[in-house]
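These notes concern the structure reproduced below.
To find a chain, count down the sequence lines: A is the first, B the second, and so on, and within it residues start at 1. Note that the coordinates shown come from a computational prediction; the quantities given were computed from them, not determined experimentally.
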There are 2 protein chains.
Amino acid sequence: MLDRIGDKWTVLVVSTLSAGALRYSDLQASIAGISQRMLTQTLKHLERDGLITRTAYPEVPPRVEYELTDLGRSLLGAVTAMAGWAAAHHSEIARNRAASELTGVGRGKPSAGASAG
Amino acid sequence: MLDRIGDKWTVLVVSTLSAGALRYSDLQASIAGISQRMLTQTLKHLERDGLITRTAYPEVPPRVEYELTDLGRSLLGAVTAMAGWAAAHHSEIARNRAASELTGVGRGKPSAGASAG
DNA sequence: CGGGATCCGGGGCGATACTG
DNA sequence: CAGTATCGCCCCGGATCCCG
């Protein structure tokens with residue numbers, strides 16, 4: 001459950017759909033780095049769980065739109081909180097991580113050199 | 001980044017630590033299903049990123065306590081939102097998923113029998 | 001255009017055994 | 001009590017090919 005909704009691609013897809021219905025190709029273009037496989041899979045899971053609806057228009061060329069359901073929108077708060085926090089603190093995290101690199105915090109082996117000074 | 005903070009174990013560890021400092025074994029007992037490996041790994045990552053502090057007491061038997069930092073507490077909102085949503089809607093999700101099972105939504109192959117009736 | 005099927009490598013993750 | 005090191009399975013996830 002948490003595995004599903006906390007999933008990176010799920011978070012990105014849901015937050016991307018917050019603006020409104022989007023087509024498959026729009027989603028793929030909006031979400032940097034997502035592969036066809038992951039996008040399709042994530043969309044299916046979200047549809048299965050009732051978080052989004054899938055609407056296929058019998059046109060040519062074919063068009064498919066995805067949109068958040070009410071349940072999906074109820075997740076928006078949590079998801080945007082995650083995404084927002086990530087965006088707001090990612091530089092601070094990076095700094096902390098770099099600092100840990102120097103102090104050796106969070107590493108298993110001190111390894112040669114760390115204890116020499 | 002999202003991969004890290006959206007991680008199932010991260011969410012559970014952070015939300016578990018919301019009450020206050022806890023020992024390693026307390027965390028393992030509180031978080032059902034977590035393995036020693038994942039707990040240790042998650043704690044290290046969180047410490048590296050500056051979300052928790054690790055305090056070792058030079059006693060016997062040894063005692064180590066983990067506690068959220070201010071940065072960690074700033075994540076609490078998002079994390080509890082996730083955990084709360086998951087808890088609140090997991091039954092609804094389960095129902096939707098079961099319903100999809102019948103309608104065939106979200107499955108690749110209709111397979112024999114699904115289209116017969 | 002939207003998406004299904006398949007192949008394949010990397011590594012996440014869970015036991016297990018051991019240490020200090 | 002609080003970890004660390006190792007092994008092995010499994011599945012994620014990208015690349016590719018193909019179809020309606």
**Item:** Distance in Å, B:Asp49 CG paired with B:Thr69 OG1, rounded so as to fall on 0.5 Å steps
**Value:** 10.0 Å
**Request:** Rounded to the nearest angstrom, tell me the gap between atom CD in B:Glu59 and atom C1' in D:dG3.
**Result:** 17 Å
**Asked** For B:Arg54 and D:dT4, what is the distance between atoms CZ and P respectively, to the nearest whole Å?
**Response** 8 Å
Please list each protein N or O that sits under 3.5 Å from an N or O in nucleotides 9-13 of chain D, with the distance.
| from | atom 1 | to | atom 2 | distance (Å) |
| --- | --- | --- | --- | --- |
| D:dG13 | N7 | A:Arg37 | NE | 3.0 |
| D:dG13 | N7 | A:Arg37 | NH2 | 3.4 |

**Residues forming a side chain to side chain donor-acceptor pair (under 3.5 Å) with A:Thr16, sequence neighbours excluded** = none
**Message:** If I take atom CG in residue A:Leu27 and atom P in nucleotide C:dG3, what distance separates them, rounded to the nearest angstrom?
**Reply:** 10 Å
**Message:** Please report the distance, rounded to the nearest Å, between CD in B:Gln36 and P in D:dT6.
**Reply:** 16 Å
**Asked** Rounding to a whole Å, what distance do you find between B:Asp26:CG and D:dA2:P?
**Response** 7 Å
**Any A:Lys44 side-chain N or O less than 4.0 Å from OP1/OP2 of C:dG4** = yes
**Item:** Whole angstrom value for the distance that separates P of C:dG14 from CG of B:Leu39
**Value:** 11 Å
**Message:** Please determine whether a side-chain nitrogen of the Lys or Arg among B:Asp70 and B:Arg73 lies less than 4.0 Å from a carboxylate oxygen of the Asp or Glu.
**Reply:** yes
**Prompt:** Taking atom OG1 of B:Thr10 and atom CD of B:Gln41, what is their separation to the nearest 0.5 Å?
**Reply:** 9.0 Å
**Message:** Quick check on C:dG4: is either OP1 or OP2 less than 4.0 Å from any side-chain nitrogen or oxygen of A:Tyr24?
**Reply:** no
**Request:** Quickly work out the B:Ile34 CD1 to C:dA15 P distance and round it to whole Å.
**Result:** 12 Å
**Message:** Counting the atoms with a prime plus P, OP1 and OP2 as sugar-phosphate, which does B:Tyr57 contact under 4.0 Å by heavy atoms, base, sugar-phosphate, or nothing?
**Reply:** nothing
**Request:** Examine C:dG3: is either OP1 or OP2 under 4.0 Å from a nitrogen or oxygen in the side chain of A:Thr40? Give yes or no.
**Result:** no
**Complete:** For B:Tyr66 and B:Leu17 the tightest heavy-atom approach is O-CD2, 3.3 Å
**Fill in**
When every non-hydrogen atom of B:Ile5 is compared with those of A:Ala86, the smallest separation belongs to CD1-CB, 3.9 Å
**Message:** In whole Å, I'd like the distance from the CD atom of B:Glu47 to the C1' atom of D:dG3.
**Reply:** 13 Å
**Request:** Show the numbers, then the answer: is there a side-chain contact (heavy atoms from CB on, under 4.5 Å) between A:Thr53 and A:Glu47?
**Result:** CA-CA 6 Å; A:Thr53 57; A:Glu47 188 193 4; over 6 Å; no
**Complete:** Taking for A:Gly33 and for B:Tyr66 the nucleotide of DNA chain D with the nearest heavy atom, the one nearer the 5' end belongs to B:Tyr66
